[in-house]
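Every value quoted in this text rests on a predicted model; they were computed, and no experiment measured them. Reminder, nothing fancy here: chain letters follow the sequence lines and each chain counts from 1.
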Amino acid sequence: MTPPIIRIEHIARYEGQEVTLRGWLQLKTGKGKLQFLRVRDGTGIIQAVVFRGNISEEEFEAAKRLPLESSLIITGIVKGDARAPGVPGGYELDVRHLQVVQEAAEDYPIGPKEHGVEFLMDNRHFWLRSNRQWAILRVRATIVKAIRDWLDDNGFILVDTPILTPAAAEGTTTLFQTDYHGTPAYLAQTGQLYNEANIFAFGKVYCFGPTFRAEKSKTRRHLQEFWMVEPEIAWCKLEELLEIEEQFVSYIVQTTLRERAAELKALERDTSHLEKVIPPFPRLSYDEAVACINEAAARGVTVPPHDDPLPPLEWGNDFGAPHETFIASLFDKPVFVHHYPSAVKAFYMEPEPGRPEVCRSADLLAPEGYGEIIGGSERMSDPDVLLAAIDRHGLPREPYRWYIDLRRYGSVPHSGFGLGVERTVSWICGLEHIRETIAFPRMLGRLNP
RNA sequence: UCCUCGAUAGCUCAAUCGGCAGAGCAAGCGGCUGUUAACCGCAAGGUUGGAGGUUCGAGUCCUCCUCGAGGAGCCA
């Protein structure tokens with residue numbers, strides 16, 4: 001009987017049986033007549049044990065001199081062994097047959113020792129094969145699925161928005177420009193304005209895709225190209241929006257904890273913080289946040305990662321990174337900061353009735369210094385108020401004509417938010433830098449590979 | 001764009017006051033029946049990012065350039 005071809009993630013089902021695995025040689029240690037091959041197949045990692053007496057002489061010699069990253073097909077008996085490393089681990093393959101599909105070149109650049117950031121980024125196409133990157137991107141895939149599942153199951157309709165756009169949504173300084181048959185076009189930095197058109201047809205919608213910001217931002221939290229999911233909801237005020245956001249974020253976190261426990265363990269993520277991410281999340285007004293910051297700054301409080309003193313914050317200014325970190329550190333869950341000054345936020349945010357200097361906006365700050373993962377607000381529903389805001393921000397009226405017109409035909413209170421996928425992955429995985437959260441990051445000064 | 005730091009073997013890093021360029025790992029060869037980033041032995045590996053300057057002598061000091069990292073601002 002021909003042994004079944006199986007995947008390593010299902011290895012436990014086949015203990016004692018002969019199976020065939022197809023994969024790549026990740027690591028090898030030899031001990032004379034005994035060769036240990038660590039083999040990766042994309043679903044897991046297993047140690048294959050090649051003993052000279054159990055295999056033909058030709059195949060044993062092939063195993064002994066096989067370069068790292070060679071592709072191979074191995075057949076053997078699955079044995080439970082507590083010593084065996086790997087993912088899921090605890091099983092190894094006692095090899096009886098080994099077929100080399102391709103013998104890799106001998107100079108595979110990434111070894112088991114330390115490498116620098118530049119070297120790893122230059123070799124990103126290979127770096128993806130390493131355990132840590134594999135685990136992160138599997139977590140990412142689960143986060144993306146959780147995002148879609150929750151929205152699809154809660155009455156949201158996916159309506160994709162364009163990537164080539166004629167105008168800026170939030171300003172003109174951070175756009176990638178391209179040529180659209182002779183007229184300038186810009187890569188989308190948000191789908192929100194189109195979402196606002198779509199709610200009048202579908203009620204609750206979301207778009208989910210890459211967005212582009214040509215910011216000269218060179219930090220551990222910024223990419224030039226990143227993925228954002230943007231739900232938009234008709235008949236929704238700010239207070240309801242926050243309830244939706246906390247349900248949404250909690251579902252993403254708890255689903256990932258459940259389905260990617262092995263990967264998070266491989267990443268050595270302390271998941272105790274994440275287990276606490278259940279509704280309700282604390283809510284803090286901008287006014288309260290400024291008071292907290294200034295009271296703490298006066299006491300000489302310092303903030304990680306460098307224990308610099310927390311700078312005071314004048315009312316009306318946006319938070320800097322230390323302010324975000326400090327506010328988030330006051331809570332063990334993500335925290336909403338709402339009612340920011342209108343002047344530091346986008347033009348379309350609804351002013352608070354009777355207090356137009358603040359708007360009905362809320363950002364969600366992740367714990368542990370991961371910063372803003374959601375920006376959201378109630379949108380202006382009155383066409384005249386919107387037009388005045390466009391003028392006040394010095395934006396041209398004509399490109400926004402259709403957007404203003406939305407408010408002339410059945411305007412309703414509506415709200416929406418955008419969640420940055422990479423920042424969410426970074427937070428849930430506990431990463432130092434956002435560059436590891438996407439297969440091929442686009443960063444300031446790097447377009448390759 | 002600004003601030004700080006850095007660039008030496010394929011990789012990660014040393015090199016004292018300016019005085020012979022050196023390790024570990026990887027790759028190569030040999031050995032080993034339980035390795036977990038194995039271990040032991042052998043051999044190999046260099047235009048010290050580029051250009052110029054100071055000096056008897058520069059990896060080291062000076063000037064400019066290139067590339068990278070961390071941070072700021074801005075943002076998700």
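- Interface remark: the R65(A) side chain does not form any donor-acceptor pair with the rC29(B) base, using a distance-only criterion of under 3.5 Å.
- Protein atom CG of L223(A) is 10 Å distant from nucleotide atom C1' of rA76(B), rounded to whole Å.
- Note on I374(A): only backbone sugar-phosphate atoms sit closer than 4.0 angstrom, heavy atoms only; bases stay farther off.
- Atom CD in Q35(A) sits about 10 Å away from atom P in rU33(B), given to the nearest Å.
- If you check rU16(B) for Watson-Crick or wobble pairing at under 3.5 angstrom, you find it has no partner at all.
- As a whole-Å value, the separation of L68(A) CG from rA27(B) P is 6 Å.
- Across all strands shown, E92(A) has heavy atoms under 4.0 Å from base atoms, whether or not it also approaches the sugar-phosphate.
- For the pair H433(A) and rA69(B), the criterion of a side-chain N or O lying under 4.0 Å from OP1 or OP2 is not met.
- With a glycosidic angle no further than 90° from 0, rC17(B) counts as syn.
- Taking a cutoff of 4.0 Å between a charged side-chain nitrogen and a carboxylate oxygen, E103(A) and R65(A) qualify as a salt bridge.
- Spacing between atom NZ of K79(A) and atom P of rU35(B) amounts to 17 Å, rounded to whole angstrom units.
- The gap from the P atom of rC11(B) to that of rU47(B) amounts to 13 Å, rounded to the nearest Å.
- Annotation: of the two residues near RNA chain B, R52(A) and G111(A), the 5′-most nearest-nucleotide partner is G111(A).
- With hydrogens and angles ignored, no donor-acceptor pair closer than 3.5 Å exists between the side chain of S217(A) and the base of rC75(B).
- Between R148(A) and D152(A) there is no salt bridge, since no side-chain nitrogen of the basic residue lies less than 4.0 Å from a carboxylate oxygen of the acidic one.
- In the set rA72(B), rC75(B), rU33(B), rA72(B) carries the atom at the smallest distance from any side-chain atom of A321(A).
- By the stacking rule of 5.5 Å between ring centres and under 30° between planes, F36(A) does not stack on the base of rG34(B).
- Proximity note for M228(A) (side chain, C-beta onward) versus rA76(B), rU12(B), rG73(B): the nearest is rA76(B).
- K31(A) has no side-chain polar atom (N or O) that falls below the 4.0 Å cut-off from OP1 or OP2 of rC32(B).
- Salt-bridge check for R423(A) with E324(A): failed, with every basic side-chain N at 4.0 Å or more from each acidic carboxylate O.
- Nucleotides rG41(B) and rU48(B) are separated by 31 Å at their C1' atoms, to the nearest Å.
- With a cut-off of 3.5 Å on both pairing distances, the Watson-Crick or G-U wobble partner of rG24(B) is rC11(B).
- Using a 4.0 Å heavy-atom criterion, one finds that D318(A) contacts the sugar-phosphate atoms exclusively.
- There is no side-chain donor-acceptor pair under 3.5 Å between Q247(A) and E243(A).
- Distance noted for atom P between rC20(B) and rC29(B): 36 Å (whole Å).
- Between E436(A) and R140(A), no side-chain nitrogen of the basic residue sits less than 4.0 Å from a carboxylate oxygen of the acidic one, so the salt-bridge criterion is not met.
- Among the heavy atoms of the strands lying under 4.0 Å from L27(A) are primed sugar atoms or P, OP1, OP2 only; no base atom is included.
- Across all strands, G445(A) comes closer than 4.0 Å only to sugar-phosphate atoms, never to a base (heavy-atom distances).
- Phosphate contact (OP1/OP2 of rU33(B), side-chain N/O of K33(A), threshold under 4.0 Å): present.
- Between rU35(B), rG73(B), rG10(B), one nucleotide has an atom nearer to the side chain of F119(A) than all others, and that is rG10(B).
- In this entry rG46(B) has no Watson-Crick or G-U wobble partner, no candidate having both defining distances under 3.5 Å.
- Across all strands, P85(A) comes closer than 4.0 Å to base atoms (heavy-atom distances).
- Taking the charged nitrogens against the carboxylate oxygens, R220(A) and E432(A) do have a contact shorter than 4.0 Å, which makes a salt bridge.
- R435(A) has a side-chain polar atom (N or O) that falls below the 4.0 Å cut-off from OP1 or OP2 of rG70(B).
- Using atom C1' as the reference point in both rA21(B) and rA9(B), the two lie 10 Å apart (nearest Å).
- Comparing rA76(B), rA69(B), rG34(B) by their closest approach to the side chain of L34(A) singles out rG34(B).
- Taking only side-chain atoms of K64(A), from C-beta outward, the nucleotide of rU12(B), rG70(B), rG31(B) with the closest atom is rG31(B).
- Pairing for rC2(B) is with rG71(B), a Watson-Crick or G-U wobble pair whose two hydrogen-bonding atom distances lie under 3.5 Å.
- When the P atom is used for both rU4(B) and rA76(B), the distance is 30 Å, rounded to whole Å.
- Taking only side-chain atoms of F51(A), from C-beta outward, the nucleotide of rA76(B), rU33(B), rU12(B) with the closest atom is rU33(B).
- Closest contact between the side chain of F226(A) and the listed nucleotides rG34(B), rA76(B), rG28(B) involves rA76(B).
- For the 3.5 Å distance criterion, the side chains of T190(A) and E230(A) qualify, holding a donor opposite an acceptor.
- Taking every side-chain heavy atom of E118(A) into account, rC67(B) is the closest of rA69(B), rC75(B), rC67(B).
- Ring geometry for Y400(A) against F347(A) counts as perpendicular: the plane angle is over 60°, on a 0 to 90° scale with 30° as the lower cut.
- At a threshold of 4.0 angstrom between heavy atoms, the contacts of T219(A) include nucleobase atoms, whether or not backbone atoms are also involved.
- Note on G53(A): nothing from the nucleic acid sits closer than 4.0 angstrom, heavy atoms only.
- Across all strands shown, rC61(B) forms a Watson-Crick or G-U wobble pair, both distances under 3.5 Å, with rG53(B).
- In this entry the distance linking CZ of F176(A) with P of rC75(B) reads 17 Å, nearest Å.
- Of the P atoms belonging to rC65(B) and rC2(B), the separation is 11 Å, rounded to the nearest Å.
- With respect to the salt-bridge test (charged N to carboxylate O, under 4.0 angstrom), the residues E69(A) and K28(A) do not qualify.
- Rounded to whole Å, atom P of rA76(B) lies 9 Å from atom CD of E230(A).
- Each of D107(A) and V344(A) was assigned the nucleotide of RNA chain B with the nearest heavy atom; the assignment lying further toward the 5' end belongs to D107(A).
- Of the candidate nucleotides rU35(B), rC75(B), rG34(B), rG34(B) has the atom nearest to the side chain of V49(A).
- Using a 4.0 Å heavy-atom cutoff across all strands shown, H115(A) reaches sugar-phosphate atoms only and no base atom.
- Between K216(A) and rC74(B) there is no side-chain N or O to OP1 or OP2 distance below 4.0 Å.
- Using a 4.0 Å heavy-atom criterion, one finds that Q26(A) contacts no nucleic acid atom at all.
- A distance of about 9 Å separates the C1' atoms of rG73(B) and rU1(B), rounded to the whole Å.
- Base pairing of rC29(B): its partner is rG41(B), meeting the Watson-Crick or G-U wobble criterion (both donor-acceptor distances under 3.5 Å).
- Considering only side-chain atoms of R220(A), the nucleotide from rA76(B), rG70(B), rU35(B) that sits closest is rG70(B).
- The backbone N or O of G316(A) sits less than 3.5 Å from a side-chain atom of Y286(A), completing a donor-acceptor pair.
- Taking atom CD on Q192(A) and atom P on rA76(B), their separation rounds to 10 Å, with Å as the unit.
- Nucleotides rA72(B) and rC13(B) are separated by 30 Å at their C1' atoms, to the nearest Å.
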